[in-house]
Amino acid sequence: MFSAAASSFDEWSAIAETSFVPLRVRPPAAGGAGFRGEIVGRGLDTRLGLSRIAADPCRMTRSGSVDDAPDTLFLSIQRSGAVRVAQAGRVARAVAGEAVLYRSRERLSLECEASTSCLTLQVTGECAELDEAAVSAGLARTIPGSTPALRVLAATAGTLERTVDGLDAVSAARMSSAVLQMLDALLGSLGGTETPPTGPVALAATMQRFVLENLTDPGMSVDTIARRFGVSGRYVTRVFAEAGQPPPATFLRDERLRRAAHLLGREHRPTVAAVAARCGFADTTTFTRAFRRRYGVAPGAWARPGEPPLVSA
């Protein structure tokens with residue numbers, strides 16, 4: 001594990017050069033007297049690392065020759081704030097829940113518009129698992145948080161970031177391969193032609209995307225997934241298990257309840273009945289029972305702070 005903290009723009013430049021990519025760090029355009037930045041990085045193997053990064057507003061540009069550092073690919077998954085990335089003749093802006101891709105050996109400009117935190121995947125340029133054409137096409141493009149492949153990858157990376165220290169070398173390498181397959185599937189999906197699944201991890205990710213795209217369907221089930229992919233329900237369950245994922249029925253239920261909690265937390269909230277329908281529950285009673293088991297309160301009591309509970313109809 002690597003960790004470092006900075007209390008000035010110069011210190012952040014030095015940390016970036018030794019642990020990230022050579023960058024010149026400057027105050028934001030609006031000015032700023034103080035600065036705080038922190039990075040905590042963990043490597044799974046020689047191909048993949050995960051870094052949790054937090055920084056105050058600043059502007060960063062790729063300094064020095066573009067050949068003075070290893071070719072590294074970065075996928076920044078935003079957790080808070082907003083970042084603007086300029087590379088390959090394009091400019092992308094990513095906010096919380098979204099992601100953006102960039103690499104070290106091309107001219108680069110990064111701007112943290114506000115205090116920002118992100119989880120960044122660092123992939124060595126020699127990594128053979130990724131399609132180079134898909135990588136080039138994906139540079140400096142905003143990847144929406146609603147992208148199913150990104151949601152699966154972000155959830156997996158977030159869990160790994162918390163648990164990687166407990167993995168042995170063999171397990172870490174296998175998880176690295178799994179994440180790289182998910183990243184390849186994500187990049188392939190951005191071009192409109194999805195990379196065909198070639199193993200249990202990729203196939204499970206593809207099945208999960210199908211589920212996320214059809215959560216509103218009350219008929220969605222393990223059998224539905226099986227019919228869509230021309231396999232048996234038992235095989236679907238086995239694919240999820242071999243990919244290290246929860247059972248498909250559990251994944252479906254958890255994603256429906258997660259979406260329901262999100263809808264109930266909005267400023268302009270639908271009714272409980274409307275939320276149940278939009279999350280694929282056949283009726284309000286079933287939804288209420290499942291929501292209470294998962295979150296400990298009824299959906300109508302899932303109110304924003306200071307707001308009254310919802311009515312159910």
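In this chain, numbering begins with 1 at the start of the sequence shown. Remember, predicted model here, so these are calculated numbers, not experimental data. Hydrogens, waters and symmetry mates play no part in the numbers below; they use all other heavy atoms, side chains included.
- Side-chain atoms of Thr163 come within 3.5 Å of backbone N or O of Thr159 as a donor-acceptor pair.
- Using a 4.5 Å heavy-atom threshold, the side chains of Phe2 and Ile39 count as touching.
- Note that OG1 of Thr142 is 11.5 Å distant from CG of Leu101, once rounded to the nearest 0.5 Å.
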(message) Walk me through whether Thr72 and Arg103 qualify under side-chain contact (heavy atoms from CB on, under 4.5 Å).
(response) CA-CA 6 Å; Thr72 305; Arg103 71 189 321 164; over 6 Å; no
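- Within a 6.0 Å sphere centred on CZ of Arg79, other residues, nucleotides and ligands contribute more than 12 heavy atoms.
- Annotation: side chain of Phe287 is not in contact with side chain of Cys279 (no heavy-atom distance under 4.5 Å).
- Interatomic distance, Arg174 CZ to Asp168 CG, rounded to the nearest 0.5 Å: 8.5 Å.
- Ring geometry for Tyr102 against Phe74 counts as parallel: the plane angle stays under 30°, on a 0 to 90° scale with 60° as the upper cut.
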(message) Between Arg294 and Asp254, is the side-chain contact (heavy atoms from CB on, under 4.5 Å) condition met? List the steps.
(response) CA-CA 8 Å; Arg294 177 68 173 81; Asp254 288 349; 4.3 Å; yes
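- Taking all atoms of both residues into account, the shortest heavy-atom contact from Gln78 to Ser76 is OE1-OG, 2.9 Å.
- Glu213 contributes atom CD, which lies 10.0 Å from atom OG of Ser146 (distance to the nearest 0.5 angstrom).
- With hydrogens and angles ignored, the 3.5 Å screen pairs a side-chain donor or acceptor of Asn214 with a backbone N or O of Phe210.
- Between the side chain of Asp56 and the backbone N or O of Ser115 there is no donor-acceptor pair closer than 3.5 Å.
- Leu186 is listed as a side-chain neighbour of Leu75, based on a closest heavy-atom distance under 4.5 Å.
- A donor-acceptor contact closer than 3.5 angstrom links the side chains of Arg47 and Ser177.
- Remark: side-chain polar atoms of Thr147 are paired, donor with acceptor, to backbone N or O of Pro144 under 3.5 angstrom.
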(message) Is there a salt bridge (charged side-chain N to carboxylate O under 4.0 Å, His left out) between Arg238 and Glu242? Walk through the geometry before answering.
(response) CA-CA 6 Å; Arg238 190 173 77 206; Glu242 291 178 353; 3.8 Å; yes
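- The side-chain heavy atoms of Leu160 and Arg162, taken from C-beta on, include no pair separated by under 4.5 Å.
- Between the CG atom in Leu50 and the CZ atom in Arg42 there is a gap of 9.0 Å [rounded to 0.5 Å].
- Shortest non-hydrogen contact noted between Thr288 and Ala298 is CG2-CB, 4.5 Å.
- Closest non-hydrogen pair, Pro248 versus Ile225, comes out as CB-CD1, 4.4 Å.
- Remark: the backbone N or O of Arg52 is not paired with any side-chain donor or acceptor of Ser117 at under 3.5 angstrom.
- Between Cys58 and Phe9 the shortest heavy-atom distance is CB-CE2, 3.8 Å.
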(message) Arg151 vs Gln208, test: side-chain contact (heavy atoms from CB on, under 4.5 Å). Steps then yes/no.
(response) CA-CA 10 Å; Arg151 293 180 61 186; Gln208 288 177 330; over 6 Å; no
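- Remark: side-chain polar atoms of Gln245 are not paired, donor with acceptor, to backbone N or O of Ala241 under 3.5 angstrom.
- A donor-acceptor contact shorter than 3.5 Å links the side chain of Asp283 to the backbone of Thr286.
- Rounded to the nearest 0.5 Å, atoms CG (Leu212) and CG (Leu150) are 11.0 Å apart.
- By the criterion of side-chain heavy atoms lying less than 4.5 angstrom apart, applied directly or through intervening Ile, Leu, Val, Met, Phe, Trp or Tyr residues, Val95 is not grouped with Leu153; the two fall into different hydrophobic clusters.
- Remark: Leu121 CG to Ile77 CD1 distance equals 5.5 Å, nearest 0.5 Å.
- In this structure, Phe291 and Tyr295 have tilted ring planes: the angle between them lies in the 30° to 60° band.
- Gln122 places no side-chain N or O within 3.5 Å of a backbone atom of Leu48 that could act as its donor or acceptor partner.
- Counting only distance, with no hydrogens or angles, the side chain of Arg141 and the backbone of Ala137 share a donor-acceptor pair below 3.5 Å.
- Arg278 has its side chain within reach of Leu263: a pair of non-hydrogen atoms, C-beta onward, lies under 4.5 Å apart.
- Counting heavy atoms from C-beta outward, Val152 and Met182 have side chains that approach closer than 4.5 Å.
- Counting non-hydrogen atoms of neighbouring residues, nucleotides and ligands closer than 6.0 angstrom, the OH atom of Tyr235 reaches no more than 12 such neighbours.
- If you check the side chains of Ser51 and Thr120, you find no donor sitting under 3.5 Å from an acceptor.
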(message) Apply side-chain contact (heavy atoms from CB on, under 4.5 Å) to residues Ser109 and Glu111 and explain how you reach the verdict.
(response) CA-CA 7 Å; Ser109 174; Glu111 181 178 0; 5.7 Å; no
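- Using a 4.5 Å heavy-atom cutoff, the side chains of Arg93 and Glu98 are not in contact.
- Val83 and Val91 are members of different hydrophobic clusters when ILVMFWY side chains are connected at heavy-atom separations under 4.5 Å.
- The minimum heavy-atom distance between Trp12 and Ala55, with the atom names listed, is CZ2-CB, 4.1 Å.
- Two residues are said to be in side-chain contact when any heavy atoms from C-beta on lie closer than 4.5 Å; Arg59 and Leu110 fail this criterion.
- The shortest heavy-atom contact between Ala88 and Glu106 is CB-OE1, 4.0 Å.
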